[in-house]
Amino acid sequence: MLYYFTINTSVELICFIVALVCLYNQPDKPWKNLILFMFIIVLAEFTGRYVKKIFLQDMVHNLSNSWVYNTLLIAQALFFSLHFKYLIGRYTNSKPLFYAGLAVIALLYFYELHAHGFFVYNNATYTVLLVQLMCYCLYFYYHLLKDEVYIDLKKSASFWWVTGILFFCFGTIISSLFRDKLAPILLTSKTPLTAYIYNALNIILYSCWSYSFICKKWQTSTSKSLY
């Protein structure tokens, strides 16, 4: 049983629980939808561990768990795009930008499926999605800086949700670019440096998200108390 509880799955499960507690009664539907997104992430990660275990037991007759993460990639593209459309849509008409971004991801996704099938991970699609998300983050910050309304960033749910994504995407892209140089570096006899980097990025991402969910619950409770 402990096999399924890694650093990544543990922080994701904690983040899902925080989302469930903080967002379950959330009247703001785009935020409440993140409960479903976190559930899909946790389900995919535990399923990926299970399929990997089967694959390692009988590598001759079984396929790797890449198909699980190819499925997750669809949910990631949709939920990220929809939530960013909601966040940036408060400042400007964001529909053309995000529909175009989704179209690019869809075309690249199906191109990769055609090129190597569903059981090889769509790395190019994932990388392009990370670049898109970084651009969305910076676009959000641009509008946030232009906004004349004072916002306490320490208590801003949107700011912390976006900040977690920016750190994760930037760190992942940099690690991928230097993977050939980082991968041979072993911090223990079996664990490469890249594993620690990806674990740290996941902790940063889901810690920021958990805090953003707490901020959103606090904002909702405060708004209700004013009436």
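The analysis underlying the following values was restricted to heavy atoms, covering all of them including side chains, and did not include hydrogens, waters or symmetry mates. Computed from a predicted model, the values in this text were never measured in an experiment. Residue numbers run from 1 in the order of the sequence given.
Under the 4.5 Å side-chain criterion, counting only non-hydrogen atoms from C-beta, Phe79 is in contact with Leu36. In this structure, Gln76 and Phe37 have side chains that are in contact, with non-hydrogen atoms separated by less than 4.5 Å. In this structure, the side chains of Tyr141 and Val162 come closer than 4.5 Å at one or more pairs of heavy atoms.
Here the two rings, on Phe110 and His114, have centers that are 6.0 Å apart or farther.
Nearest heavy atoms, Phe213 versus Cys15: CE1-SG, 3.7 Å. The two residues Leu87 and Ser158 have their closest heavy-atom pair at CD2-OG, 3.3 Å. The nearest pair of heavy atoms linking Pro27 to Thr220 is CD-CG2, 3.8 Å. When every heavy atom of Gly164 is checked against every heavy atom of Cys208, the shortest pair comes out as CA-CB, 3.6 Å.
Linking Ile, Leu, Val, Met, Phe, Trp and Tyr whenever their side-chain heavy atoms come within less than 4.5 Å puts Tyr126 and Leu102 in one cluster. Note on Leu145: it does not cluster hydrophobically with Ile165, by side-chain heavy-atom contacts below 4.5 Å among ILVMFWY residues. Both Leu34 and Ile14 belong to a common hydrophobic cluster when Ile, Leu, Val, Met, Phe, Trp and Tyr are linked at side-chain heavy-atom distances under 4.5 angstrom. The hydrophobic cluster containing Val131 does not contain Leu107, counting ILVMFWY residues as joined when their side-chain heavy atoms lie under 4.5 angstrom apart, directly or transitively. There is no path of hydrophobic side-chain contacts, each under 4.5 Å, that joins Leu82 to Met134.
Within the 3.5 Å criterion, the main-chain N or O of Asn122 finds a donor-acceptor partner in the side chain of Asn70. With hydrogens and angles ignored, the 3.5 Å screen pairs a side-chain donor or acceptor of Thr71 with a backbone N or O of Trp67. Panel note: side chain Lys52, backbone Ser64; no donor-acceptor pair is recorded below 3.5 Å.
With rounding to the nearest 0.5 angstrom, the CD1 atom of Ile7 is 14.0 Å from the OH atom of Tyr206. Here the CG-OG1 distance, from Leu97 to Thr92, works out to 9.5 Å after rounding to the nearest 0.5 Å. Between the CG atom of Leu166 and the CZ atom of Phe140 there is a distance of 11.5 Å, given to the nearest 0.5 Å. Taking OG of Ser212 as the reference point, atom NZ of Lys155 lies at 16.0 Å (rounded to 0.5 Å). In this structure, the separation between CE on Met38 and CH2 on Trp209 is 6.5 Å, given to the nearest 0.5 Å. Rounded to the nearest 0.5 angstrom, Leu43 CG and Thr47 OG1 are separated by 4.0 Å.
In this structure, the side chain to side chain contact (heavy atoms under 4.5 Å, CB included) partners of Ile214, at least two apart in sequence or on a different chain, are Val18, Cys22. Residues passing the side chain to side chain contact (heavy atoms under 4.5 Å, CB included) test with Ala100: none are found, sequence neighbours excluded. Partners of Ile151 by side chain to side chain contact (heavy atoms under 4.5 Å, CB included), not counting sequence neighbours, listed by chain and number: Tyr91, Leu144, Asp147, Leu153, Ser156. Listed by chain and number, the residues in a side-chain hydrogen bond (donor to acceptor under 3.5 Å, both in side chains) with Asn202 are Asn8 (sequence neighbours excluded). Shown here are the side-chain hydrogen bond (donor to acceptor under 3.5 Å, both in side chains) partners of Thr6, two or more places apart in sequence or in another chain: Thr9. Applying the side-chain hydrogen bond (donor to acceptor under 3.5 Å, both in side chains) rule to Asp28 yields the partners Tyr86, Lys216; only residues at least two apart in sequence or on another chain are considered. Every residue was checked against the side-chain hydrogen bond (donor to acceptor under 3.5 Å, both in side chains) condition with Tyr211, not counting sequence neighbours, and none meets it. Looking at residues two or more places apart in sequence or on another chain, you find a side chain to side chain contact (heavy atoms under 4.5 Å, CB included) between Ile105 and Ala77, Thr125, Val128, Leu129, Gln132. For Phe98, the ring pair (Phe, Tyr, Trp, His ring centres under 6.0 Å) criterion is met by Tyr136, not counting sequence neighbours.
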Could you go through the side-chain hydrogen bond (donor to acceptor under 3.5 Å, both in side chains) check for Glu45 and Tyr69 one step at a time? CA-CA 8 Å; Glu45 289 289 356; Tyr69 296 99; 3.1 Å; yes
Step by step, would you call Tyr50 with Val68 a side-chain contact (heavy atoms from CB on, under 4.5 Å)? CA-CA 10 Å; Tyr50 174 74; Val68 177; over 6 Å; no
Pair Phe159, Lys154 - check side-chain contact (heavy atoms from CB on, under 4.5 Å), show working. CA-CA 8 Å; Phe159 172 80; Lys154 296 192 300 295; over 6 Å; no
Does Phe39 form a side-chain contact (heavy atoms from CB on, under 4.5 Å) with Leu20? I'd like the steps, not just the answer. CA-CA 9 Å; Phe39 174 75; Leu20 194 61; over 6 Å; no
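More than 12 heavy-atom neighbours from other residues, nucleotides or ligands sit within 6.0 angstrom of CZ on Phe118. Surrounding OH of Tyr142 are at most 12 heavy atoms belonging to other residues, nucleotides or ligands under 6.0 Å away.
For residues 93-110, no residue pair satisfies the side-chain hydrogen bond (donor to acceptor under 3.5 Å, both in side chains) rule, not counting sequence neighbours.
Summarising the hydrophobic clusters (Ile, Leu, Val, Met, Phe, Trp, Tyr; side-chain heavy atoms under 4.5 Å, direct or chained), the residues clustered with Phe167 are Ile204.
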Scan the side chains in residues 168-177 for donor-acceptor partners under 3.5 Å anywhere in the protein, sequence neighbours excluded, and list what turns up.
residue, atom, partner, partner atom, Å
Thr172, OG1, Phe168, O, 2.7
Ser175, OG, Gly171, O, 2.8
Ser176, OG, Thr172, O, 2.8

